[in-house]
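What you see below is based on every heavy atom in this structure, not just the backbone, and it leaves out hydrogens, waters and symmetry mates. In what follows, chains carry the letters A, B, and so on, assigned in the order in which the sequence lines appear, proteins first and then strands, with residues in each chain numbered from 1. Please read all numbers here as calculations on a predicted model, not as lab measurements.
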There are 2 protein chains.
Amino acid sequence: MSENVGRWLRDEIENAILSNEFAPGARLDEMVLASRFGVSRTPVREALMQLDAIGLIEIRPRRGAVVINPGPHRIYEMFEVMAELEGLAGSLAARRLDEDSRKAITATHSRCERSAGAGDSDAYYYDNEEFHKAIYAASRSDFLEEQCAQLHRRLRPYRRLQLRVRNRLSTSFSEHCGIVEAIFAGDGKEARRLLRSHVGIQGERFSDLVASMAAR
Amino acid sequence: MSENVGRWLRDEIENAILSNEFAPGARLDEMVLASRFGVSRTPVREALMQLDAIGLIEIRPRRGAVVINPGPHRIYEMFEVMAELEGLAGSLAARRLDEDSRKAITATHSRCERSAGAGDSDAYYYDNEEFHKAIYAASRSDFLEEQCAQLHRRLRPYRRLQLRVRNRLSTSFSEHCGIVEAIFAGDGKEARRLLRSHVGIQGERFSDLVASMAAR
DNA sequence: AATGTTAATCTTGTATACACGATTGTTGAC
DNA sequence: GTCAACAATCGTGTATACAAGATTAACATT
């Protein structure tokens, strides 16, 4: 448990939202949450305020908080921005790569290889996250790293859906290979280009997303 | 005044920070703020929580809130990300431009021309903001527009400093001309390239920034 | 039967009270 | 005179109480 209850609650509720326990559109009743976590309404309200500021929920004055329901189009927009930021991270990483970052990327990349080879989509989901985080860190831009991590977190549920699509695992991993190659070669332009197309949802991948969202 | 005191306070305190009334590093005492605005500590705390989530202040548990002091390097990183996002907005605007957006861009562009011609740096500061916002809107990506607006807001104080640099007004405006031309011509690549270099702080502009920061 | 109005209830918004950790100032020892 | 330990004070963290708007349900009217 974190230092103060408010932040702990923020993380707790955020995870519940991202893991779809609190589904989009669901109403978040302050008293229900308070009794569920065994605290008073005060820290619950503080947590909700923060989640509102992040953009995960919406607090309508005097009418309570609801989990935001993005809709396919907005999710597409979010991936579009994510692709851009990751592209920048990749291009900076290629330019600034040092020994530590190189090792970190290599390590997570091999873990992805293993889980992709085993066809273990849950393991790959986790390893993939670490791989991307390693690239953010390699950019050596703290602010960019934070922005990427935050958006990545917010897109987590949809990424998970995407991975369930047939053949996506091996496709994803082979794209990783190219990205690693470009970064290690110091080719910023190519790293940017590959990451942009790896992260973005172009063409059929958008309809895949819509389909998997509808499937729930 | 907004619907509830908490949000009103958030905006109020945010403005006070962005206008440098609460300088970086300043301590934000809950009781002082409460009595200043004539409310209790509760909505003050809620406002502070939100500002913390946005990244404008830092709340250290049990030790109060302070205004974040970014430092030149981090500001550079923020402009780097801003440049990337604006580049994306520009390239989308070029692809998707419609009549309304075209009009809006033209209108703000002429206002910039007037204030730049008059050498009125305060007026230009405001018109320039509207010009960039018009481009965000023209991107037709709500999420991108929000992200850009938020980061733009956060970088406001530094942008203002930059404009005070000698000749920056006319340089900035002539860059705008190129950007408008590229967007109206539907040349996304060029719009992206020009916006990136317009917004980013490359080379000597970084030392200008550092110098103007030190001057305060 | 449908709709508009009003009263009861429920939930959020704000204030206040209390608890506890952090900070600061004072006193005493070396 | 300097430093350490302890006490007092101050400010934050959480709970509870009270106020007020929103929702809902019942009732009357058309």
Side-chain angles (χ1 to χ4, degrees), chain A residues 1-18 20-70 150, chain B residues 1-18 20-70 150:
Chain A
M1 175 161 12
S2 181
E3 320 213 29
N4 63 17
V5 182
R7 297 193 181 197
W8 169 64
L9 273 177
R10 170 171 60 76
D11 295 341
E12 209 68 25
I13 298 174
E14 184 178 2
N15 284 331
I17 293 173
L18 293 178
N20 214 47
E21 186 184 346
F22 296 146
R27 188 132 180 286
L28 297 175
D29 187 292
E30 295 176 0
M31 295 216 279
V32 171
L33 290 171
S35 58
R36 163 170 173 165
F37 292 107
V39 296
S40 83
R41 276 178 53 219
T42 309
V44 171
R45 284 182 59 81
E46 294 187 339
L48 293 180
M49 293 272 140
Q50 293 178 71
L51 293 174
D52 178 80
I54 293 172
L56 260 175
I57 69 174
E58 186 191 355
I59 298 181
R60 299 160 306 175
R62 292 253 172 220
R63 297 179 58 210
V66 293
V67 179
I68 281 193
N69 191 354
Q150 187 174 327
Chain B
M1 172 158 17
S2 180
E3 319 214 28
N4 62 20
V5 182
R7 296 193 181 196
W8 169 63
L9 273 177
R10 168 170 61 76
D11 296 340
E12 210 67 24
I13 299 173
E14 183 179 3
N15 284 332
I17 293 172
L18 293 178
N20 214 47
E21 186 184 346
F22 296 145
R27 187 132 182 287
L28 298 175
D29 187 293
E30 295 177 358
M31 295 212 280
V32 171
L33 290 171
S35 58
R36 163 170 174 166
F37 292 106
V39 297
S40 83
R41 277 178 54 220
T42 309
V44 171
R45 285 181 59 80
E46 294 188 339
L48 293 180
M49 294 273 143
Q50 292 178 71
L51 294 174
D52 178 81
I54 292 172
L56 260 175
I57 69 174
E58 186 192 355
I59 298 181
R60 299 160 306 175
R62 291 250 172 222
R63 297 179 56 210
V66 293
V67 180
I68 281 193
N69 190 355
Q150 187 174 328

### Task
Check the distance between C/dT14's P and A/Met49's CE and give it to me in whole angstrom.
8 Å
### Query
Under 4.0 Å between a side-chain N/O of B/Arg27 and OP1 or OP2 of C/dT23, yes or no?
no
### Query
Looking at C/dG13, C/dT11, D/dT14, which one has an atom nearest to any side-chain atom of A/Arg41?
C/dG13
### Task
Using a heavy-atom cut-off of under 4.0 Å over every strand shown, decide if A/Arg63 touches base, sugar-phosphate, or nothing.
sugar-phosphate
### Side chain to side chain, A/Ile17 and A/Ile68, heavy atoms closer than 4.5 Å
no
### Protein-nucleotide distance (A/Arg60, atom CZ; D/dA22, atom P), rounded to Å
12 Å
### Query
Is B/Asp52 reaching over with its side chain to a backbone N or O of B/Leu48, donor-acceptor style, under 3.5 angstrom?
no
### Task
Specify the separation, in whole Å, of atom CZ of A/Arg62 and atom P of C/dT11.
14 Å
### Task
For A/Arg45 and D/dT16, give me the distance from atom CZ to atom P, rounded to whole Å.
16 Å
### Summary
Here the distance between atom P of C/dG13 and atom CG of A/Asp29, to the nearest Å, is 12 Å
### Query
Is the closest side-chain heavy-atom distance between B/Leu33 and B/Phe22 below 4.5 Å?
yes
### Message
Distance check needed: D/dC10 P versus B/Glu30 CD, whole Å only.
### Response
16 Å
### Summary
To the nearest angstrom, the CG-C1' distance between A/Leu48 and C/dT12 comes to 11 Å
#### Entry: B/Arg45 vs B/Thr42 side-chain heavy atoms within contact, under 4.5 Å
no
### Message
C/dA15, OP1 or OP2 - any side-chain N/O from B/Ser40 closer than 4.0 Å?
### Response
yes
### Message
Among D/dA15, C/dT14, D/dG11, which nucleotide has an atom closest to any side-chain atom of B/Val5?
### Response
C/dT14
### Query
B/Leu28 has an atom CG; how far is it from atom P of D/dG13, in whole Å?
13 Å
